[in-house]
Each structure stands twice: as C-alpha cells, then as structure tokens.
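Since this is a predicted model, take the numbers as computed values, not measurements. Order of listing sets the numbers, starting from 1, for every ligand and every atom in it.
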Amino acid sequence: FMVYYQPKADIRSGRISGMEALMRWNRKGLEIVSPSEFIPLAEDTGAIYTLGEWVMEEACKKLMGFNRISGQDLSLSVNLSVKQFSQEDLVPKIRQILEKTGLDGRLLTIEITENIVISDIDRTIRILKELSAMGIGISIDDFGTGYSSLSYLKKMPLAELKIDKSFVDDLPQDPESCAIVNTVIALARNLSLKTVAEGVETRSQLDFLKETGCDEIQGYYYCRPVSASEIESFLLEEKSL
Ligand code: C2E
Ligand code: MG
Ligand code: MG
C-alpha cells in the first residue's frame, strides 16, 4: 500500500495550500488498484482500521518533510470512512499519531462524508468536537451527494465543504450545476466555512469557480494525485494555477 498526495490550490493566490492523502494498492506486477475498489473490501474484513491508521501516520510524518521543502505550513487532509469513524478509540489514536509525528493538529483536516452524520448524530458531534479542540479541521467530502439533512451543518464544528466532482463536471455550460455550485458556495460563506471544489479539470471550470467565490480547487487541472517523491518535485517547482 502507498499513499499518494493531491495538492489543493488557493484560487485567489494561485498557490498551493495543502494536500490530500489518497491511498493506493500497488499489487506486484499488476496495475495500481483504486481505493474505490479495495476500501469496501478492507471495510468488510476490518483491515481498514490498520490501513487507515497507517495512512494517517505515514502522511503526517511525510508532511513535516514536505513543509521543510516548501518552507510553508501546508495542511494535510485525510479521508475517514464511516466504519473508521465508528471506532471506539478513534480520538486517542489520532492524538497518539500527532504526538508521535510531532505534527501540529491545526495542520490536519479530516474529511468525512454526510453518511457519518446519519448513523449517530450525538456521538458524531461529540467526537468532532474533541477533534476540533485538538485544532483539527473537519471537512465534508462529496458535499451534496449524501442523504443527510442540512440541520447538521449548524450543530457540527465544521471548517470546510468539498463540492463534489459531479457538480463541477458540467460547469459552466449546465445551468443546474452552476446553480447548485453557486448556492453551495453562498451557503458555506454564510456559515463561515471554506469551500474546496474537487475534480477541476478545465480552465473554464476554474474561471466559473473563481467568479463564484470558491476558496480552493483540487483536480487534474492543477495536479493529479502523485507519489511522495513526485510531490517533492512539485513543491520545488512552486507551480501556480
Ligand atoms: P475523495 O476523497 O472524494 O477523493 C477524490 C477522488 O477524485 C480521488 O480518487 C482523486 O484521485 C479523484 N480526482 C481528483 N481530481 C480529479 C480530476 O480532476 N478528475 C478525475 N476524474 N478524478 C479526480 P481516488 O484516489 O481513486 O479515491 C477515491 C475515494 O476513495 C476517495 O474519494 C475517498 O473517499 C476514498 N479514499 C482514498 N484514500 C482513502 C483513505 O486513505 N481512507 C479512506 N477511508 N478513504 C480513502
Ligand atoms: Mg476526500
Ligand atoms: Mg470527494
């Protein structure tokens, strides 16, 4: 297993703002397997607990090195699945990783999906508050694709909404996608949350998002997910949008 990193860029400055850790399964002699394929399997077998912990520790450790290279305090986003979130000792495990790696909690963001909210709202809020007290940012991944109600937005200590790729795909030609993205950005702004658009592949998508007031983008237009050594070269290049 390997961790790939996909940078995020700040739309206003055009510069890198952080990166997301994305798991890869490199099977010897075979093609690299995508997490959408093996994560459901890892969840069924319970392997996701060890794997998830490993990804977080590995990426936190690497981020310290990446930040030495870039000379900036770039942030790291790590995905947590519903199953991982249901772990009893999630908070102490994350605290342990921060202590072990020496990473400042303020540089870590945890990406969860709306489905986490549905399972047990009181427990979810309690855990998110504990993480938030450690400086960790909470982001809602694939925002707008789940089945939850909006009321959780005011109860949870959130920092960020990630606009799902399915809404970004048809920008700016599809009026419905434009309306949804516009509304999500306005909603986030009114709640003082940052917005990140994912899956941005074209200049015209970027232009629309810039005009609409989106804060950050992530996608092939800026950079694909790459290995740790490739991200080091990317940081040295200081590529801007
Ligand atoms: P996600 O967190 O929503 O990540 C975004 C996915 O979109 C990634 O797929 C990324 O490679 C892909 N992507 C980014 N920009 C573009 C673009 O411009 N065009 C296109 N076509 N795709 C783009 P990936 O890496 O295959 O990951 C899929 C999902 O697997 C992730 O969705 C996340 O939910 C999950 N995942 C990945 N790593 C982990 C992990 O360490 N733990 C857990 N629990 N889930 C993970
Ligand atoms: Mg994500
Ligand atoms: Mg996503």
Side-chain angles (χ1 to χ4, degrees), residues 1-9 16-26 31-63 75-87 90 93-94 97 108-116 119 136-146 158-171 181 184 194-206 208-209 214 216-228 230-231 234 241:
F1 288 93
M2 300 183 301
V3 184
Y4 268 36
Y5 301 88
Q6 187 178 32
K8 295 191 292 180
I16 184 169
S17 58
M19 63 192 80
E20 177 175 4
L22 293 162
M23 227 191 295
R24 293 290 179 267
W25 184 13
N26 193 357
E31 268 182 28
I32 291 182
V33 187
S34 145
S36 335
E37 284 174 55
F38 68 78
I39 283 175
L41 189 73
E43 295 205 309
D44 286 346
T45 62
I48 190 71
Y49 302 123
T50 333
L51 263 178
E53 217 180 300
W54 172 76
V55 168
M56 188 174 289
E57 183 170 335
E58 169 70 14
C60 286
K61 231 187 309 182
K62 282 274 171 28
L63 183 73
S75 64
L76 171 73
S77 299
V78 178
N79 296 284
L80 272 195
S81 69
V82 178
K83 192 94 183 251
Q84 286 173 276
F85 199 81
S86 67
Q87 252 175 304
L90 180 71
K93 282 237 166 86
I94 295 179
I97 291 175
L108 182 64
T109 295
I110 280 170
E111 295 190 4
I112 56 175
T113 58
E114 291 162 80
N115 307 335
I116 280 179
S119 45
I136 298 171
I138 313 294
S139 170
I140 302 288
D141 205 350
D142 310 332
F143 182 73
T145 62
L158 301 177
E160 176 184 289
L161 297 183
K162 287 190 94 167
I163 303 171
D164 192 62
K165 181 178 180 301
S166 61
F167 302 123
V168 173
D169 276 343
D170 300 324
L171 298 178
V181 169
V184 170
K194 197 168 76 178
T195 42
V196 182
E198 57 181 27
V200 176
E201 293 180 346
T202 67
R203 178 80 222 180
S204 54
Q205 290 169 341
L206 171 63
F208 178 89
L209 291 159
C214 184
E216 296 183 7
I217 65 137
Q218 197 178 16
Y220 296 173
Y221 181 77
Y222 183 54
C223 185
R224 286 179 176 257
V226 292
S227 68
E230 287 170 300
I231 198 90
F234 183 86
L241 267 182

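- Taking the six-membered ring where the residue is Trp, Phe1 and Trp25 present parallel rings, their angle staying beneath 30° rather than reaching 60°.
- Checked against the Mg ion (ligand 3), the N, O or S atom of Asp142 at the shortest distance is OD1.
- Of the protein's non-hydrogen atoms, Asn79 O, 3.5 Å is the one closest to atom 42 (N) of ligand 1.
- Between Tyr5 and Pro225, every side-chain heavy-atom pair lies at or beyond the 4.5 Å cut-off.
- Among the atoms of Asp164, no N, O or S atom falls under 2.8 Å of the Mg ion (ligand 3).
- Of all N/O/S atoms in Glu20, OE2 sits nearest the Mg ion (ligand 2).
- Nearest approach of Gly199 to Val168, heavy atoms of both residues: O-CG1, 3.9 Å.
- The minimum heavy-atom distance linking Ile32 with Asn26 is given by the pair CG1-OD1, 4.0 Å.
- Residues Ile97 and Leu108 have side chains not in contact (no heavy-atom distance under 4.5 Å, counting atoms from C-beta outward).
- Those atoms of ligand 1 with a heavy atom of Val55 less than 4.0 angstrom away are 41 (O).
- Under 2.8 Å from the Mg ion (ligand 2) lies an N/O/S atom of Asn79, whether from backbone or side chain.
- Ligand 1 lies out of reach of Lys162, whose nearest heavy atom is not under 4.0 Å from it.
- Side-chain atoms of Val184 and Phe143, non-hydrogen and from C-beta on, do get closer than 4.5 Å to each other.
- Close approach of ligand 1 to Gln6 is summarised as follows: ligand atoms under 4.0 Å from at least one heavy atom of the residue are 14 (C), 15 (N).
- Closest to atom 13 (N) of ligand 1 among all protein heavy atoms lies Tyr220 CE2, 4.0 Å.
- Close approach of ligand 1 to Asp142 is summarised as follows: ligand atoms under 4.0 Å from at least one heavy atom of the residue are 3 (O).
- Contact annotation: the side chain of Tyr220 approaches that of Gln6 to within less than 4.5 Å [non-hydrogen atoms, C-beta and beyond].
- Closest protein heavy atom to atom 5 (C) of ligand 1: Glu198 OE1, 4.5 Å.
- Within the 4.5 Å cutoff, side-chain heavy atoms of Gln87 are placed close to those of Tyr49.
- Listed here is the closest heavy atom pair of Asn79 and Ala21: ND2-O, 3.4 Å.
- Checking side-chain atoms of Glu57 against main-chain N and O of Glu53 turns up no donor-acceptor pair under 3.5 Å.
- Heavy-atom proximity to Glu201, at under 4.0 Å, picks out these atoms of ligand 1: 17 (C), 18 (O), 19 (N), 20 (C), 21 (N).
- Remark: ligand 1 atoms within the under-4.0 Å shell around heavy atoms of Ser34 are 26 (O).
- Taking all atoms of both residues into account, the shortest heavy-atom contact from Asp142 to Thr145 is O-OG1, 2.7 Å.
- With respect to Ser17, the side-chain hydrogen bond (donor to acceptor under 3.5 Å, both in side chains) criterion is satisfied by exactly one of Gln218, Lys8, Glu216: Glu216.
- Between the side chains of Gln84 and Ser81, a donor-acceptor pair is found at a separation under 3.5 Å.
- No heavy atom of Arg224 sits closer than 4.0 Å to any atom of ligand 1.
- When heavy-atom distances to ligand 1 are checked against a 4.0 Å cut-off, Gln218 has no atom that comes that close, whether in backbone or side chain.
- Contact annotation for atom 7 (O) of ligand 1: protein absent (non-hydrogen atoms, distance under 4.0 Å).
- Closest heavy-atom contact between Ala197 and Val200: O-CG2, 3.8 Å.
- Using a 4.0 Å cut-off between charged nitrogen and carboxylate oxygen, Lys83 and Glu43 do not count as a salt-bridge pair.
- Of the heavy atoms in Val200, only backbone atoms (N, CA, C, O) come closer than 4.0 Å to ligand 1.
- Both the backbone and the side chain of Leu22 come within 4.0 Å of ligand 1, counting heavy atoms alone.
- Residue contact check for ligand 1: Met56 places no non-hydrogen atom closer than 4.0 Å to it.
- Contact annotation: for Ile39 versus ligand 1, heavy atoms closer than 4.0 Å belong to the side chain alone.
- With a 4.0 Å cut-off on non-hydrogen atoms, Val3 does not touch ligand 1 at all.
- In this structure, Gly199 is part of the shell of residues with a heavy atom less than 4.0 angstrom from ligand 1.
- Side-chain atoms of Met23 and Phe38, non-hydrogen and from C-beta on, do get closer than 4.5 Å to each other.
- When every heavy atom of Ile231 is checked against every heavy atom of Pro7, the shortest pair comes out as CD1-CG, 3.6 Å.
- Distances from the Mg ion (ligand 2) show that Glu111 has an N/O/S atom below 2.8 Å.
- At a cut-off of 2.8 Å, Asp141 coordinates the Mg ion (ligand 2) through an N, O or S atom.
- Every atom of ligand 1 is numbered from 1 in the order shown, and the set under 4.0 Å from a heavy atom of Ser36 is 28 (C).
- Taking atom 27 (O) of ligand 1 as the reference point, the nearest protein heavy-atom neighbour is Pro35 CG, 3.3 Å.
- Donor-acceptor pairing under 3.5 Å is recorded for the side chains of Ser139 and Glu160.
- Counting heavy atoms closer than 4.0 Å to ligand 1, residue Ser81 contributes atoms from both its backbone and its side chain.
- Looking at Tyr221 next to ligand 1, no N or O pair under 3.5 Å apart turns up.
- Less than 4.0 angstrom separates atom 20 (C) of ligand 1 from at least one non-hydrogen atom of the protein.
- At a 3.5 angstrom cut-off on N or O pairs, Gly219 does not count as close to ligand 1.
- Applying the 4.0 Å criterion to heavy atoms of Pro225 picks out, from ligand 1, the atoms 11 (O).
- Closest to atom 38 (N) of ligand 1, if we only count protein heavy atoms, is Met23 N, 3.0 Å.
- Closest to atom 32 (O) of ligand 1 among all protein heavy atoms lies Asp141 OD2, 4.6 Å.
- Within the 4.5 Å cutoff, the side chain of Ile140 has heavy atoms near those of the Ile112 side chain.
- Looking only at heavy atoms of the protein, atom 44 (N) of ligand 1 is closest to Gln84 OE1, 2.8 Å.
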